[in-house]
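Below is one structure; the comments refer to it alone.
So you know, we letter chains A, B, ... as the sequences are listed, proteins then strands, and number each from 1.
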Protein chains: 2
Amino acid sequence: MTPHTNAFDTHDHSHCADTGLARAEEILATRKLRLTPVRRQTLQILLQEHRALGAYDVLERLAAAGFGKQPPVAYRALEFLVEQGLAHRVRRLNAFAACMHPETDHAPVFLICRGCNALAETPAQPVRAALEAAAQTVGFTVERTNIEALGLCPNCKAAA
Amino acid sequence: MTPHTNAFDTHDHSHCADTGLARAEEILATRKLRLTPVRRQTLQILLQEHRALGAYDVLERLAAAGFGKQPPVAYRALEFLVEQGLAHRVRRLNAFAACMHPETDHAPVFLICRGCNALAETPAQPVRAALEAAAQTVGFTVERTNIEALGLCPNCKAAA
DNA sequence: CCTTGACATGTTATATCATAACGTATTTTA
DNA sequence: TAAAATACGTTATGATATAACATGTCAAGG
Ligand SMILES: [Zn+2]
Ligand SMILES: [Zn+2]
Ligand SMILES: [Zn+2]
Ligand SMILES: [Zn+2]
(Lines give C-alpha, C1' and ligand atoms only; values in the text may rest on other atoms or scores of the structure.)
(Ligands and ions follow the chains in the order given, each with its own letter.)
Protein backbone atom coordinates (compact mmCIF):
# COMPACT_ATOMS: atom_id res chain seq x y z
CA MET A 1 0.00 0.00 0.00
CA THR A 2 1.46 3.31 -1.08
CA PRO A 3 1.44 5.81 1.78
CA HIS A 4 -1.20 7.99 0.15
CA THR A 5 -0.14 11.57 0.43
CA ASN A 6 -3.27 13.55 1.00
CA ALA A 7 -4.06 16.96 -0.28
CA PHE A 8 -4.43 18.49 3.17
CA ASP A 9 -0.97 17.55 4.38
CA THR A 10 2.11 19.39 3.25
CA HIS A 11 4.02 17.06 1.00
CA ASP A 12 6.47 16.93 -1.86
CA HIS A 13 4.00 17.88 -4.49
CA SER A 14 6.33 17.48 -7.44
CA HIS A 15 6.04 13.79 -6.65
CA CYS A 16 2.26 13.89 -7.15
CA ALA A 17 2.64 15.62 -10.46
CA ASP A 18 5.45 13.41 -11.73
CA THR A 19 3.86 10.13 -10.84
CA GLY A 20 0.52 11.37 -12.12
CA LEU A 21 1.97 11.96 -15.55
CA ALA A 22 3.96 8.76 -15.55
CA ARG A 23 0.93 6.71 -14.59
CA ALA A 24 -1.10 8.38 -17.31
CA GLU A 25 1.48 7.42 -19.90
CA GLU A 26 1.51 3.80 -18.81
CA ILE A 27 -2.23 3.52 -18.66
CA LEU A 28 -2.80 5.06 -22.06
CA ALA A 29 -0.05 2.95 -23.59
CA THR A 30 -1.71 -0.25 -22.47
CA ARG A 31 -4.96 1.02 -23.93
CA LYS A 32 -3.28 2.09 -27.16
CA LEU A 33 -4.56 5.61 -26.72
CA ARG A 34 -2.54 8.73 -27.28
CA LEU A 35 -1.43 11.25 -24.71
CA THR A 36 -1.19 14.06 -27.24
CA PRO A 37 0.40 17.42 -26.42
CA VAL A 38 -2.85 19.16 -25.45
CA ARG A 39 -3.95 16.23 -23.35
CA ARG A 40 -0.59 16.04 -21.66
CA GLN A 41 -0.54 19.75 -20.98
CA THR A 42 -4.09 19.63 -19.67
CA LEU A 43 -3.21 16.88 -17.26
CA GLN A 44 -0.14 18.79 -16.14
CA ILE A 45 -2.25 21.86 -15.51
CA LEU A 46 -4.65 19.87 -13.35
CA LEU A 47 -1.79 18.18 -11.55
CA GLN A 48 -0.24 21.48 -10.56
CA GLU A 49 -2.69 21.98 -7.72
CA HIS A 50 -4.78 19.95 -5.35
CA ARG A 51 -7.85 21.79 -6.32
CA ALA A 52 -10.40 21.70 -9.06
CA LEU A 53 -10.08 24.03 -12.02
CA GLY A 54 -12.90 25.27 -14.21
CA ALA A 55 -12.70 24.47 -17.90
CA TYR A 56 -12.12 28.12 -18.70
CA ASP A 57 -9.21 28.32 -16.27
CA VAL A 58 -7.68 25.33 -17.96
CA LEU A 59 -8.37 26.89 -21.33
CA GLU A 60 -6.55 30.09 -20.39
CA ARG A 61 -3.50 28.14 -19.40
CA LEU A 62 -3.63 26.02 -22.52
CA ALA A 63 -3.86 29.14 -24.64
CA ALA A 64 -0.90 30.63 -22.76
CA ALA A 65 1.04 27.48 -23.62
CA GLY A 66 0.31 27.94 -27.30
CA PHE A 67 -2.73 25.75 -27.75
CA GLY A 68 -6.13 26.75 -29.07
CA LYS A 69 -8.09 29.52 -27.44
CA GLN A 70 -11.63 28.21 -27.82
CA PRO A 71 -13.69 26.28 -25.25
CA PRO A 72 -13.82 22.96 -27.13
CA VAL A 73 -10.05 22.70 -26.90
CA ALA A 74 -10.23 22.48 -23.13
CA TYR A 75 -13.49 20.56 -22.93
CA ARG A 76 -12.28 17.87 -25.30
CA ALA A 77 -9.03 17.27 -23.51
CA LEU A 78 -10.82 17.24 -20.16
CA GLU A 79 -13.48 14.88 -21.41
CA PHE A 80 -10.83 12.50 -22.66
CA LEU A 81 -9.00 12.51 -19.34
CA VAL A 82 -12.22 11.97 -17.44
CA GLU A 83 -13.25 9.08 -19.69
CA GLN A 84 -9.89 7.47 -19.11
CA GLY A 85 -10.13 7.96 -15.37
CA LEU A 86 -7.14 10.29 -15.28
CA ALA A 87 -9.21 13.23 -14.12
CA HIS A 88 -12.55 13.74 -12.44
CA ARG A 89 -15.35 16.15 -12.80
CA VAL A 90 -16.44 17.81 -9.58
CA ARG A 91 -20.07 18.71 -10.16
CA ARG A 92 -20.46 20.85 -7.11
CA LEU A 93 -17.80 23.20 -8.49
CA ASN A 94 -18.39 22.80 -12.21
CA ALA A 95 -14.72 21.99 -12.35
CA PHE A 96 -12.15 19.31 -13.00
CA ALA A 97 -9.32 17.78 -11.01
CA ALA A 98 -6.55 15.34 -11.78
CA CYS A 99 -7.12 11.90 -10.38
CA MET A 100 -4.81 11.21 -7.49
CA HIS A 101 -4.81 7.42 -7.80
CA PRO A 102 -5.79 6.36 -11.28
CA GLU A 103 -5.00 2.71 -10.69
CA THR A 104 -6.96 1.82 -7.57
CA ASP A 105 -10.47 2.29 -6.33
CA HIS A 106 -12.56 4.24 -8.67
CA ALA A 107 -15.76 6.04 -7.91
CA PRO A 108 -13.97 8.53 -5.71
CA VAL A 109 -15.25 10.61 -2.85
CA PHE A 110 -14.27 14.28 -2.96
CA LEU A 111 -13.67 16.43 0.06
CA ILE A 112 -13.81 20.07 -0.88
CA CYS A 113 -12.54 22.65 1.58
CA ARG A 114 -14.60 25.83 1.49
CA GLY A 115 -11.78 27.69 3.24
CA CYS A 116 -8.87 27.09 0.89
CA ASN A 117 -10.52 25.27 -2.02
CA ALA A 118 -8.26 22.30 -1.57
CA LEU A 119 -9.68 19.10 -2.92
CA ALA A 120 -8.88 15.67 -1.55
CA GLU A 121 -9.89 12.42 -3.12
CA THR A 122 -10.45 9.64 -0.65
CA PRO A 123 -11.05 5.94 -1.16
CA ALA A 124 -14.69 5.28 -1.69
CA GLN A 125 -15.27 1.59 -1.15
CA PRO A 126 -17.31 1.81 2.05
CA VAL A 127 -19.29 4.81 0.87
CA ARG A 128 -19.92 3.21 -2.44
CA ALA A 129 -21.02 0.00 -0.74
CA ALA A 130 -23.49 1.87 1.44
CA LEU A 131 -24.84 3.61 -1.62
CA GLU A 132 -25.22 0.33 -3.51
CA ALA A 133 -27.10 -1.12 -0.56
CA ALA A 134 -29.50 1.81 -0.48
CA ALA A 135 -30.03 1.52 -4.22
CA GLN A 136 -30.71 -2.15 -4.01
CA THR A 137 -33.64 -1.70 -1.66
CA VAL A 138 -35.50 0.04 -4.48
CA GLY A 139 -34.12 -2.13 -7.29
CA PHE A 140 -31.91 0.55 -8.77
CA THR A 141 -28.65 -0.36 -10.51
CA VAL A 142 -25.87 2.12 -9.90
CA GLU A 143 -23.61 2.86 -12.85
CA ARG A 144 -21.86 6.09 -12.01
CA THR A 145 -21.69 8.17 -8.88
CA ASN A 146 -20.85 11.64 -7.69
CA ILE A 147 -20.05 11.74 -4.05
CA GLU A 148 -18.88 15.12 -2.87
CA ALA A 149 -18.60 16.74 0.52
CA LEU A 150 -18.11 20.40 1.25
CA GLY A 151 -16.57 21.41 4.55
CA LEU A 152 -13.38 22.41 6.26
CA CYS A 153 -9.96 20.84 5.96
CA PRO A 154 -7.80 20.47 9.09
CA ASN A 155 -5.65 23.47 8.19
CA CYS A 156 -8.56 25.82 7.77
CA LYS A 157 -10.14 24.52 10.96
CA ALA A 158 -6.92 25.29 12.82
CA ALA A 159 -6.75 28.76 11.30
CA ALA A 160 -10.32 29.55 12.36
CA MET B 1 -42.75 4.60 9.88
CA THR B 2 -44.64 5.83 6.82
CA PRO B 3 -44.54 3.25 4.04
CA HIS B 4 -42.33 5.37 1.84
CA THR B 5 -43.70 5.36 -1.66
CA ASN B 6 -40.75 5.40 -3.98
CA ALA B 7 -40.44 7.11 -7.31
CA PHE B 8 -39.87 3.89 -9.23
CA ASP B 9 -43.07 2.18 -8.13
CA THR B 10 -46.42 3.11 -9.57
CA HIS B 11 -48.32 4.85 -6.86
CA ASP B 12 -51.01 7.38 -6.19
CA HIS B 13 -48.96 10.37 -7.05
CA SER B 14 -51.54 12.97 -6.11
CA HIS B 15 -50.82 11.84 -2.57
CA CYS B 16 -47.13 12.80 -2.95
CA ALA B 17 -48.03 16.20 -4.24
CA ASP B 18 -50.73 16.89 -1.67
CA THR B 19 -48.72 15.85 1.32
CA GLY B 20 -45.68 17.64 -0.03
CA LEU B 21 -47.55 20.91 -0.09
CA ALA B 22 -49.20 20.33 3.23
CA ARG B 23 -45.89 19.53 4.89
CA ALA B 24 -44.34 22.64 3.38
CA GLU B 25 -47.07 24.78 4.84
CA GLU B 26 -46.62 23.32 8.31
CA ILE B 27 -42.87 23.57 8.23
CA LEU B 28 -42.83 27.16 7.06
CA ALA B 29 -45.49 28.13 9.55
CA THR B 30 -43.41 26.87 12.44
CA ARG B 31 -40.46 28.83 11.09
CA LYS B 32 -42.56 31.94 10.53
CA LEU B 33 -41.61 32.02 6.89
CA ARG B 34 -43.97 32.69 4.04
CA LEU B 35 -45.08 30.28 1.34
CA THR B 36 -45.88 33.06 -1.10
CA PRO B 37 -47.71 32.42 -4.36
CA VAL B 38 -44.56 32.05 -6.50
CA ARG B 39 -42.98 29.77 -3.95
CA ARG B 40 -46.09 27.69 -3.65
CA GLN B 41 -46.45 27.41 -7.40
CA THR B 42 -42.77 26.52 -7.76
CA LEU B 43 -43.11 23.75 -5.23
CA GLN B 44 -46.22 22.47 -6.97
CA ILE B 45 -44.37 22.44 -10.27
CA LEU B 46 -41.58 20.37 -8.77
CA LEU B 47 -44.04 18.07 -7.05
CA GLN B 48 -45.80 17.26 -10.30
CA GLU B 49 -43.13 14.79 -11.33
CA HIS B 50 -40.62 12.50 -9.76
CA ARG B 51 -37.85 13.99 -11.74
CA ALA B 52 -35.61 17.00 -11.59
CA LEU B 53 -36.48 20.13 -13.53
CA GLY B 54 -34.06 22.76 -14.76
CA ALA B 55 -34.57 26.30 -13.51
CA TYR B 56 -35.60 27.43 -16.96
CA ASP B 57 -38.24 24.70 -17.19
CA VAL B 58 -39.63 25.86 -13.90
CA LEU B 59 -39.47 29.44 -15.11
CA GLU B 60 -41.49 28.65 -18.22
CA ARG B 61 -44.21 27.10 -16.14
CA LEU B 62 -44.20 29.97 -13.68
CA ALA B 63 -44.52 32.42 -16.53
CA ALA B 64 -47.39 30.38 -17.98
CA ALA B 65 -49.08 30.66 -14.59
CA GLY B 66 -48.80 34.46 -14.67
CA PHE B 67 -45.61 35.02 -12.69
CA GLY B 68 -42.50 36.83 -13.84
CA LYS B 69 -40.66 35.72 -16.94
CA GLN B 70 -37.06 36.38 -15.92
CA PRO B 71 -34.57 33.87 -14.52
CA PRO B 72 -34.27 35.37 -11.03
CA VAL B 73 -37.95 34.68 -10.43
CA ALA B 74 -37.35 30.97 -10.70
CA TYR B 75 -33.93 30.94 -9.10
CA ARG B 76 -35.11 32.85 -6.07
CA ALA B 77 -38.06 30.64 -5.41
CA LEU B 78 -35.94 27.53 -5.92
CA GLU B 79 -33.20 28.83 -3.68
CA PHE B 80 -35.71 29.51 -0.95
CA LEU B 81 -37.17 26.02 -1.19
CA VAL B 82 -33.72 24.47 -1.15
CA GLU B 83 -32.66 26.51 1.88
CA GLN B 84 -35.76 25.37 3.71
CA GLY B 85 -35.16 21.76 2.77
CA LEU B 86 -38.34 21.56 0.72
CA ALA B 87 -36.46 20.97 -2.51
CA HIS B 88 -33.04 19.77 -3.50
CA ARG B 89 -30.55 20.70 -6.10
CA VAL B 90 -29.31 17.82 -8.19
CA ARG B 91 -25.86 18.87 -9.35
CA ARG B 92 -25.39 16.14 -11.85
CA LEU B 93 -28.40 17.44 -13.77
CA ASN B 94 -28.15 21.14 -13.01
CA ALA B 95 -31.70 20.78 -11.88
CA PHE B 96 -34.06 20.85 -8.91
CA ALA B 97 -36.48 18.39 -7.37
CA ALA B 98 -39.05 18.56 -4.63
CA CYS B 99 -37.98 16.89 -1.44
CA MET B 100 -39.87 13.68 -0.86
CA HIS B 101 -39.53 13.57 2.92
CA PRO B 102 -38.86 17.04 4.29
CA GLU B 103 -39.22 15.96 7.87
CA THR B 104 -36.80 13.06 8.23
CA ASP B 105 -33.19 12.39 7.42
CA HIS B 106 -31.58 15.13 5.50
CA ALA B 107 -28.55 14.96 3.30
CA PRO B 108 -30.32 12.79 0.76
CA VAL B 109 -28.97 10.31 -1.74
CA PHE B 110 -30.33 10.66 -5.25
CA LEU B 111 -30.85 7.82 -7.67
CA ILE B 112 -31.20 9.13 -11.18
CA CYS B 113 -32.48 6.82 -13.90
CA ARG B 114 -30.79 7.47 -17.22
CA GLY B 115 -33.58 5.60 -18.98
CA CYS B 116 -36.64 7.55 -17.86
CA ASN B 117 -35.11 10.42 -15.87
CA ALA B 118 -37.00 9.41 -12.78
CA LEU B 119 -35.40 10.58 -9.59
CA ALA B 120 -35.66 8.78 -6.28
CA GLU B 121 -34.48 10.13 -2.98
CA THR B 122 -33.37 7.48 -0.55
CA PRO B 123 -32.40 7.70 3.11
CA ALA B 124 -28.79 8.62 3.47
CA GLN B 125 -27.78 7.74 6.99
CA PRO B 126 -25.50 4.80 6.23
CA VAL B 127 -23.96 6.49 3.22
CA ARG B 128 -23.48 9.64 5.10
CA ALA B 129 -21.90 7.75 7.99
CA ALA B 130 -19.42 6.04 5.67
CA LEU B 131 -18.58 9.40 4.16
CA GLU B 132 -18.02 10.96 7.58
CA ALA B 133 -15.73 8.10 8.49
CA ALA B 134 -13.64 8.57 5.34
CA ALA B 135 -13.45 12.30 5.99
CA GLN B 136 -12.36 11.79 9.55
CA THR B 137 -9.30 9.81 8.53
CA VAL B 138 -7.90 12.97 6.95
CA GLY B 139 -9.28 15.37 9.53
CA PHE B 140 -11.91 16.88 7.28
CA THR B 141 -15.20 18.17 8.70
CA VAL B 142 -18.17 17.54 6.46
CA GLU B 143 -20.77 20.29 6.29
CA ARG B 144 -22.78 19.62 3.17
CA THR B 145 -22.89 16.71 0.77
CA ASN B 146 -23.99 15.81 -2.71
CA ILE B 147 -24.44 12.12 -3.18
CA GLU B 148 -25.86 11.18 -6.53
CA ALA B 149 -25.96 7.96 -8.49
CA LEU B 150 -26.76 7.56 -12.15
CA GLY B 151 -28.05 4.20 -13.35
CA LEU B 152 -31.14 2.29 -14.26
CA CYS B 153 -34.39 2.02 -12.35
CA PRO B 154 -36.17 -1.34 -12.14
CA ASN B 155 -38.71 -0.40 -14.80
CA CYS B 156 -36.10 0.59 -17.35
CA LYS B 157 -34.10 -2.52 -16.56
CA ALA B 158 -37.15 -4.64 -17.24
CA ALA B 159 -37.85 -2.79 -20.48
CA ALA B 160 -34.29 -3.36 -21.73
C1' DC C 1 5.77 5.23 -50.62
C1' DC C 2 1.30 6.77 -50.90
C1' DT C 3 -3.57 6.45 -50.24
C1' DT C 4 -7.21 6.09 -47.18
C1' DG C 5 -9.75 6.20 -43.04
C1' DA C 6 -9.72 7.22 -38.22
C1' DC C 7 -8.59 10.42 -35.00
C1' DA C 8 -7.30 14.87 -33.32
C1' DT C 9 -7.23 19.92 -33.31
C1' DG C 10 -8.77 24.23 -34.39
C1' DT C 11 -12.43 27.66 -35.52
C1' DT C 12 -17.15 30.16 -35.33
C1' DA C 13 -21.38 30.28 -33.47
C1' DT C 14 -24.82 29.26 -30.17
C1' DA C 15 -27.04 26.93 -26.32
C1' DT C 16 -27.66 26.51 -21.45
C1' DC C 17 -27.25 27.72 -16.68
C1' DA C 18 -26.81 31.43 -13.12
C1' DT C 19 -26.33 35.97 -10.79
C1' DA C 20 -25.64 41.18 -10.16
C1' DA C 21 -27.89 45.36 -9.63
C1' DC C 22 -31.74 48.08 -9.29
C1' DG C 23 -36.72 49.81 -8.64
C1' DT C 24 -41.29 48.85 -6.85
C1' DA C 25 -44.64 46.62 -4.03
C1' DT C 26 -46.08 44.19 -0.14
C1' DT C 27 -45.84 42.80 4.61
C1' DT C 28 -44.45 43.30 9.38
C1' DT C 29 -43.37 45.85 13.39
C1' DA C 30 -43.10 49.59 16.28
C1' DT D 1 -49.10 55.22 9.86
C1' DA D 2 -44.10 55.45 9.36
C1' DA D 3 -40.01 52.78 9.06
C1' DA D 4 -37.78 48.54 8.12
C1' DA D 5 -37.62 44.18 6.22
C1' DT D 6 -38.96 41.06 2.80
C1' DA D 7 -40.43 39.75 -1.65
C1' DC D 8 -41.09 40.40 -6.70
C1' DG D 9 -40.18 42.04 -11.00
C1' DT D 10 -37.08 43.94 -14.54
C1' DT D 11 -32.63 44.61 -17.46
C1' DA D 12 -28.27 43.23 -18.20
C1' DT D 13 -24.42 40.29 -17.97
C1' DG D 14 -21.56 36.47 -16.57
C1' DA D 15 -20.23 31.59 -16.55
C1' DT D 16 -20.49 27.05 -18.26
C1' DA D 17 -20.99 23.87 -22.19
C1' DT D 18 -21.84 22.01 -26.88
C1' DA D 19 -22.99 21.87 -32.07
C1' DA D 20 -21.20 22.04 -36.51
C1' DC D 21 -17.67 22.30 -39.61
C1' DA D 22 -12.76 22.77 -41.73
C1' DT D 23 -8.07 21.43 -41.44
C1' DG D 24 -4.35 18.75 -40.01
C1' DT D 25 -1.93 14.40 -38.38
C1' DC D 26 -1.15 9.61 -37.93
C1' DA D 27 -1.09 4.55 -38.63
C1' DA D 28 -2.09 0.78 -41.76
C1' DG D 29 -2.93 -1.65 -45.92
C1' DG D 30 -2.15 -1.72 -50.76
ZN1 LIG E 1 0.48 16.87 -4.06
ZN1 LIG F 1 -9.52 9.35 -8.90
ZN1 LIG G 1 -45.31 10.26 -6.41
ZN1 LIG H 1 -35.18 15.44 0.78
A:R89 to A:F96, cation-pi by 6.0 Å centre distance and 45° axis angle: no
Earlier contact from the 5' end, DNA chain C, for B:G54 and B:R34: B:G54
N/O (side chain, A:R89) to phosphate O (OP1/OP2, D:dA17) under 4.0 Å: yes
Side-chain (B:D9) to main-chain (B:H11) donor-acceptor, under 3.5 angstrom: no
Rounded distance in Å - CD (A:Q84) to P (C:dC7): 13 Å
Rounded distance (nearest 0.5 Å) linking atom CZ of B:R61 with atom OH of B:Y56: 16.0 Å
From NE2 (B:H101) to OG1 (B:T122), nearest 0.5 Å: 7.5 Å
Separation of C:dA8 P from A:L78 CG (nearest whole Å): 15 Å
Of the listed nucleotides C:dT19, C:dT11, D:dA7, the one nearest the side chain of B:Y75: C:dT19
Rounded interatomic separation in angstrom, taking NZ from A:K69 and P from C:dT12: 11 Å
Interatomic distance, B:L53 CG vs C:dC17 P [rounded to whole Å]: 11 Å
Proximity to the side chain of B:R76 - top-ranked nucleotide from D:dC8, C:dA18, C:dA8: D:dC8
B:L59 CG to D:dT11 P, straight-line distance once rounded to whole Å: 13 Å
Atom-pair distance (CG on A:L35; P on C:dC7), nearest Å: 17 Å
Closest to side chain of B:Q70, choosing from D:dA7, D:dT11, C:dT9: D:dT11
Separation of C:dC17 C1' from B:E60 CD (nearest whole Å): 14 Å
Toward the 5' end of DNA chain D, by each residue's nearest nucleotide, B:G66 or A:L93: B:G66
Nearest listed nucleotide, side chain of A:P71, among C:dA18, D:dC8, D:dA17: D:dA17
Out of C:dT9, C:dT12, C:dA20, whichever nucleotide has its closest atom nearest the side chain of A:T36: C:dT9
Which nucleotide in D:dT18, C:dG10, C:dA18 has an atom nearest any side-chain atom of A:V73: C:dG10
Check: B:Y56 side chain, C:dA15 base, donor-acceptor under 3.5 Å: no
Distance in angstrom units between A:F67 CZ and C:dT9 C1', rounded: 10 Å
Closest to side chain of B:N94, choosing from C:dA18, D:dT10, C:dT11: C:dA18
CZ-CD1 distance between B:R128 and B:I147, expressed to the nearest 0.5 angstrom: 7.0 Å
